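All figures in this text were calculated on a predicted structure; none of them were measured in a lab.
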Amino acid sequence: MKPSLPLPFAPADDPEMRVLQEHIRAQEEMLSRTTTYLMEIQEELEQSRQALAEHNQSLEQMVEQRTRDLKKSVDQLQLEVQKREKAQQELFVANHELNTLLYRSSHDYKGPICSAFGLLSLLESTMKGVQLDEESQQYLRMLHTPLQKLEALTRTTTSIAEYRQNPVYPEPVDLAVLLDRLLDKFKQQLKGAYPEVRVHNTLERPLCTDAHMLENILESLLSNAIRYRRLQQGHAIRIVLQPYYTQTRLVVEDNGTGIPLEYQHRVFDMFFRASELSTGSGLGLYLSRMAVQKLGGKIEFKSKEGKGTSVSVVLPNL
């Protein structure tokens, strides 16, 4: 910066001139400092710009890497989805084939079983006039038991296949009428071994549900309550039919053998039998739960070994 010059035509010792020159020098110094400060700011801004550019470049590299990683993850996810869709499709086909086989087989078994019953009945009629020894008569009686078990198993298998494939057909069902019909059926079968049955019914209107499924549920619960009785004690069954909010609740209680605690978590499993003495197929409660769930209901049970069992079913109006 050039030194300031004295103003022309002014005496060197003029006080006003000296004040003016000092003012000019102060302004020049301030301008010099401002210029230096601005240059420093500009240098800092350039450094910041370079740092920001480097940071942006680093971010772009990170974004590119993350994008590649994300694309790789998406590709792997799509591949996994395709594998699962293929597995689900194969499972659907296998399940459909299994249901078809189950349904067709159970129906195909009915013919030979009915024929066997018919031939056995014809044989017994033919042999009425023939004097048979006790052993031969025992053999004839023994033929009924396996055929009856096979018929019951076939009927249950058919129901499982129908529950898997067929839709629900709601219709009004009078539970009291259905219960009376089932109890009469058991009374004819059991005769002298029929238990004491108490019914508590507070229902005022029919239940709209699938009649076939409901009958199977109730028949299975009654059959279990009748079958697993204690021989040394009077056998009693209590049945409750009652409204449950907007739904219907039915309870079957018995004072039979009960179920040991260690087996209670498996009572709804397929082919489960709590005792070697059990004569059933082990499908009754499994089938009942399947039907209850398909009807949108809930099934629960309580049992104590040596005291009895209580099974509760709650069903909605469809």
Side-chain angles (χ1 to χ4, degrees), residues 106 113 144-163 173 175-199 201 209-231 233-241 249-260 263-264 266-295 297 299-303 305 307-313 315:
S106 60
I113 293 173
H144 283 278
T145 301
L147 282 176
Q148 289 170 350
K149 288 184 177 180
L150 184 58
E151 181 191 31
L153 180 59
T154 302
R155 189 168 57 250
T156 302
T157 306
T158 302
S159 297
I160 293 175
E162 290 175 347
Y163 291 175
V173 180
L175 263 171
V177 174
L178 174 60
L179 178 60
D180 288 341
R181 178 159 55 82
L182 289 175
L183 290 177
D184 287 341
K185 175 182 174 181
F186 282 112
K187 188 178 295 185
Q188 293 175 7
Q189 292 175 352
L190 298 172
K191 298 179 181 178
Y194 188 72
E196 175 190 355
V197 178
R198 298 190 302 272
V199 179
N201 182 11
T209 189
D210 189 294
H212 176 63
M213 290 187 183
L214 178 59
E215 181 174 350
N216 283 347
I217 293 169
L218 190 53
E219 183 174 7
S220 176
L221 299 185
L222 291 173
S223 176
N224 285 341
I226 291 171
R227 182 183 295 119
Y228 301 108
R229 62 185 183 274
R230 287 182 289 167
L231 299 178
Q233 180 176 335
H235 190 201
I237 296 175
R238 179 173 178 264
I239 303 169
V240 178
L241 308 175
R249 182 170 179 256
L250 61 96
V251 181
V252 178
E253 299 176 351
D254 65 74
N255 62 346
T257 58
I259 302 172
Y263 297 132
Q264 292 186 10
R266 297 179 55 200
V267 295
F268 294 112
D269 291 352
M270 183 182 288
F271 298 115
F272 172 72
R273 295 176 180 176
S275 170
E276 294 181 356
L277 301 176
S278 300
T279 58
S281 63
L283 291 170
L285 286 177
Y286 169 81
L287 185 63
S288 296
R289 184 179 65 171
M290 180 186 293
V292 169
Q293 290 177 343
K294 187 152 188 176
L295 294 175
I299 182 170
E300 296 177 339
F301 88 103
K302 296 178 182 178
S303 185
E305 188 176 8
K307 296 294 183 181
T309 300
S310 173
V311 181
S312 171
V313 174
L315 295 174

Just distance, no hydrogens or angles: give the donor-acceptor pairs under 3.5 Å from side chains in residues 175-185, sequence neighbours left out.
from, atom 1, to, atom 2, distance (Å)
R181, NH1, E215, OE2, 3.2
K185, NZ, E219, OE2, 2.7

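Q293 pairs by the side chain to side chain donor-acceptor pair (under 3.5 Å) definition with nothing, not counting sequence neighbours. Residues forming a side-chain contact (heavy atoms from CB on, under 4.5 Å) with S310 (at least two apart in sequence, or on another chain): V251, E253.
Of the inter-residue distances, the one linking I226 atom CD1 with F186 atom CZ reads 4.5 Å to the nearest 0.5 angstrom. One distance of note links CG of L214 with OG1 of T209; it measures 6.0 Å at 0.5 Å rounding.
L295 has its side chain within reach of I217: a pair of non-hydrogen atoms, C-beta onward, lies under 4.5 Å apart. Residues L250 and I239 form no side-chain contact, since every pair of their non-hydrogen atoms from C-beta on lies 4.5 Å or further apart.
When every heavy atom of T309 is checked against every heavy atom of G258, the shortest pair comes out as OG1-CA, 3.6 Å. Of all heavy-atom pairs between I259 and F301, the closest is CD1-CE1, 4.1 Å. Nearest heavy-atom pair, S220 versus L285, reported as atom, atom and distance to 0.1 Å: OG-N, 4.1 Å.
At distances below 3.5 Å, not a single donor-acceptor pair connects side-chain atoms of H235 with backbone N or O atoms of D254.
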Practice problem: In sequence, state the C-alpha distance, the side-chain angles, and the governing distance for E300 and K302, and then conclude on salt bridge (Lys or Arg N to Asp or Glu O under 4.0 Å). | Solution: CA-CA 7 Å; E300 296 177 339; K302 296 178 182 178; over 6 Å; no
